[in-house]
2 protein chains.
Amino acid sequence: MPEVDRIDLKIIQALKRNARISNAELAETVGTSVSSCWRRVRALEDSGVIAGYTVQLDDKQMGMGFQAIVHVQLRRHAHDDFAPFVKAMHLQDEIRACWATTGQADYHLHVVCADIDGFNRFLDEFLFRMPAVASAQTNLILRTLK
Amino acid sequence: MPEVDRIDLKIIQALKRNARISNAELAETVGTSVSSCWRRVRALEDSGVIAGYTVQLDDKQMGMGFQAIVHVQLRRHAHDDFAPFVKAMHLQDEIRACWATTGQADYHLHVVCADIDGFNRFLDEFLFRMPAVASAQTNLILRTLK
DNA sequence: CATGAAAAAGTTCACCA
DNA sequence: TGGTGAACTTTTTCATG
């Protein structure tokens, strides 16, 4: 289990806000020397606590103004159709997150599309064409608080 | 509306995979000159398509092995309690995402805790103590596909 | 007016006290 | 652990198509 202390947590907080901050500025922010800070970041990367760095995109700026939570039920005994379902989840760009869950739905998807027409195409031409999918319910996202 | 062409999309794809790639390598990957690539990244940042850069953390490595989707209903006419609710969503570290949605639930939360005890504390000591919250249902996350 | 090359400023990362 | 500096990267400037 990798040890993560108070300073490591401060480093993580700062990198969450801006992953492209320079090491000198990061050291200043968390109150440690440049060398020590650099070694800590390295250690967090090596231990796997930091899995990587990514870009935050503004979906609206990219013309992706429609979001929804889709609750999906799979067909029982659809074992042969399951692997293609998993693969498709990964390939489909509109699907931002896919979780297997307890409860009424087997899967919760976070879906991002250009508009309601795009979402309609996503359902008709992709989701309901998957042999593994039995049914799905949609909750539109009105506002993203976080 | 900012123009985003094929090369911009390639840049975005590459930065999604690794936001800390050097500009020279990025230019090589997308097949353009270093200067041109740098100006494109700048333009994507300035236009707001790129909102920022962040770190991807491995929750399990950090001892956060429990995840759930929580469906929250607010009390009607709880107008005075709403602003504190929004603020609390932002402050609470366990809450990774919070969406206002249509349907039975008013809000969908993605929650990450250490274990089921931590989640129990999250519900008892935080969520059910919010005056704005009327009720909540939980779906445990069994597996994250994406 | 956009592009690329190249100089100037700043950053990373291995090494040593 | 903290400081130093060579290698590398970013960002500005300038000449060219």
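Values reported hereafter were calculated over all heavy atoms of this structure, with side chains retained and with hydrogens, waters and symmetry mates removed. Numbered from 1 within each chain, the chains take letters A, B, ... in sequence-line order.
As a whole-Å value, the separation of A/Glu25 CD from C/dT12 C1' is 15 Å. Between the CG atom of B/Asp5 and the P atom of C/dA2 there is a distance of 14 Å, rounded to whole Å. When the C1' atom of D/dC8 is taken as reference, atom CD of B/Glu28 falls 16 Å away, rounded to whole Å. Here C/dT12 presents its C1' atom at 16 Å from CD1 of B/Ile21, a figure rounded to the nearest Å. Residue A/Asn23 contributes atom CG, which lies 13 Å from atom P of D/dG2 at whole-angstrom precision.
For A/Lys87, the NZ atom sits in a loose shell: 12 or fewer heavy atoms of surrounding residues, nucleotides or ligands are nearer than 6.0 Å.
Minimum interatomic distance between A/Thr54 and B/Lys16 (heavy atoms only, all atoms of both residues): OG1-O, 2.7 Å. Of all non-hydrogen atoms in B/Thr32 and B/Cys37, the two that sit nearest each other are CG2-CB, 3.7 Å.
Judged purely by atom type and a 3.5 angstrom limit, A/His110 has no side-chain atom pairing as donor or acceptor with the backbone of A/Gln67.
Looking at B/Gln73 and B/Gln137, their side chains do bring a donor and an acceptor atom within 3.5 Å of each other.
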Between A/Ile141 and B/Thr101, does the side-chain contact (heavy atoms from CB on, under 4.5 Å) criterion hold? Intermediate values first, please.
CA-CA 4 Å; A/Ile141 292 176; B/Thr101 55; 4.1 Å; yes

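In this pair, B/Phe126 and B/Phe122 present their aromatic rings tilted. The plane angle is within the 30 to 60° band.
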DNA chain C in dot-bracket, Watson-Crick or G-U pairs under 3.5 Å, [ ] crossing, | other strand?
|||||||||||||||||

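Of the residues in residues 32-53 of chain B, those with a non-hydrogen atom less than 4.0 angstrom from any atom of DNA chain C are B/Ser33, B/Ser35, B/Ser36, B/Arg39.
Summarising the geometry, atom CG belonging to B/Leu142 is positioned 8.5 Å from atom OH belonging to A/Tyr107; distances are rounded to the nearest 0.5 Å.
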